[in-house]
Amino acid sequence: MPPELPEVESVKRSLEEKLPSGTRWVEVILNRKDLRVPFPKDLRKKLVNSEVLGLERRAKYLIFKRKEKDLLSHLGMSGTWRELKAGETLKAHDHLIFGFDNGLRLAYNDPRRFGLVDWGGVDSPWLRELGPEPLSAAFNPAYLLQQMKGRKAAVKVLLMNAHLVVGIGNIYASEILFLAGVKPARPGSKITPTEAALIVKHTKAVLKKAIKAKGSTLKDYRMVNGDSGKFQNSFKVYSRGGEKCFSCGAAIRSEVLGQRSTYWCSRCQK
DNA sequence: AAACATTCCTGCACGC
DNA sequence: TGCGTGCAGGAATGTT
């Protein structure tokens, strides 16, 4: 459930309140042996009695920092971490349970199992090859323009490429390009310096707004306490195929691009 | 019942 | 030629 950057960031923040630095694992229960990849064999042994030093987010990964190896969690398409209330019975697809010495109990639920839980810090294979964070100074117009140069892939597909920039998925890619006034199918090589600057500006703006709204809940995504995000109420184009553009009134178009449904206004976006 | 918020892998085409 | 890179397509899976 928390697929894109704002959702993972919101999960991280909601979890931080409940997991102060120094909290220790006291319970680790595996209800199956794998998600997208196998759980580490020694997960229980290595976690129990160790401390959570803090939580971090890199791209769409949630990181439990420890003195020992860090623990990574990726939520795939349908993963959630939720707090288990006292006496709460487990649900279908509660694959992993963590208990902590402050009484917090967490369940990782993931029907489709595209998520993963594995060891790994910033230098791990999971994180090593990733591009810059979109909210960092490294993601700037000059960088984006250079990355777009000579590439014939659609700008939307490139924006969703984690080697180029992380954290942008199918929802926010459409939203960003609408605000930037750029058609999603435009080849990267055709992006002008002015457009690159607009894309960078609106990427940062939309992601920040979405984080403030605690992400977008389409169906599964929830924060640790079960709350929904609110940013879905602010979508300008995503999931609005056939509806009127809020800016110009034209019908929002929808087409599959790079195997993902894509939404845009053919009048506002060039 | 086709679609789905993600990522990784394969295979082909192109260019040096 | 051979190699590296970019890009398209497919797969993993359960739910609605």
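Every chain is numbered from 1 and lettered A, B, ... according to where its sequence line falls, protein lines coming before strand lines.
Using Watson-Crick or G-U wobble geometry with both donor-acceptor distances under 3.5 Å, C/dG10 finds its partner in B/dC8.
Two residues, A/K152 and A/G167, neighbour DNA chain B, and the one matched to the more 5' nucleotide by heavy-atom proximity is A/G167. Each of A/Y61 and A/V256 lies near DNA chain B, and the nucleotide nearest A/V256 is the one positioned closer to the 5' end.
At the phosphate of B/dT6, OP1 or OP2 sits under 4.0 Å from a side-chain N or O atom of A/K60. A sub-4.0 Å separation between OP1 or OP2 of C/dT13 and a side-chain N or O of A/S78 is absent. Taking side-chain N and O atoms only, A/R260 has no distance below 4.0 Å to OP1 or OP2 of B/dC4.
Distance, A/R58 CZ to B/dT7 P: 12 Å, rounded to whole Å. When rounded to the nearest whole Å, the span between CG of A/D34 and C1' of C/dA12 equals 11 Å. If you measure from atom CE of A/M148 to atom P of C/dC7, you get 10 Å, rounded to the nearest angstrom. Atom C1' of nucleotide C/dT5 and atom NE2 of A/H163 are separated by 12 Å, given to the nearest angstrom. Rounded to whole Å, the distance from CG on A/L127 to P on B/dT7 is 12 Å. Taking atom CD of A/E4 as the reference point, atom P of B/dT6 lies 4 Å away to the nearest angstrom. Rounded to whole Å, atom P of C/dG14 lies 15 Å from atom CG of A/D94. For the pair A/R112 CZ and B/dA2 C1', the computed distance is 12 Å after rounding to whole Å.
Listed nucleotides B/dC8, C/dT16, C/dG14 differ in distance to A/W126; the shortest reach to its side chain belongs to B/dC8. The side chain of A/Q259 has C/dG10 as its nearest neighbour among C/dG14, C/dG10, B/dC4. Here the nucleotide nearest the side chain of A/L158, chosen from B/dT6, B/dC4, C/dC7, is C/dC7. Closest contact between the side chain of A/H93 and the listed nucleotides C/dA8, B/dC4, C/dG14 involves C/dG14. Across B/dC4, C/dT15, B/dT7, the shortest atom-to-atom separation from the side chain of A/R36 is found for B/dT7.
Below the 3.5 angstrom threshold, one finds no donor paired with an acceptor across the side chain of A/R151 and the base of C/dC7.
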key: Residue pair A/L62, A/W81: steps toward the side chain to side chain contact (heavy atoms under 4.5 Å, CB included) verdict   = CA-CA 11 Å; A/L62 179 65; A/W81 284 101; 4.0 Å; yes
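Not one N or O on the side chain of A/D101 forms a donor-acceptor pair closer than 3.5 Å with the backbone of A/V26.
A salt bridge between A/E175 and A/K236 is absent, with no side-chain N of the basic residue lying under 4.0 Å from a carboxylate O of the acidic one. The pair A/K270-A/E195 fails the salt-bridge criterion, with no side-chain N (NZ, NE, NH1 or NH2) lying under 4.0 Å from an Asp/Glu carboxylate O.
A cation-pi contact, defined as under 6.0 Å to the ring centre and within 45° of the axis, links A/R240 to A/F246.
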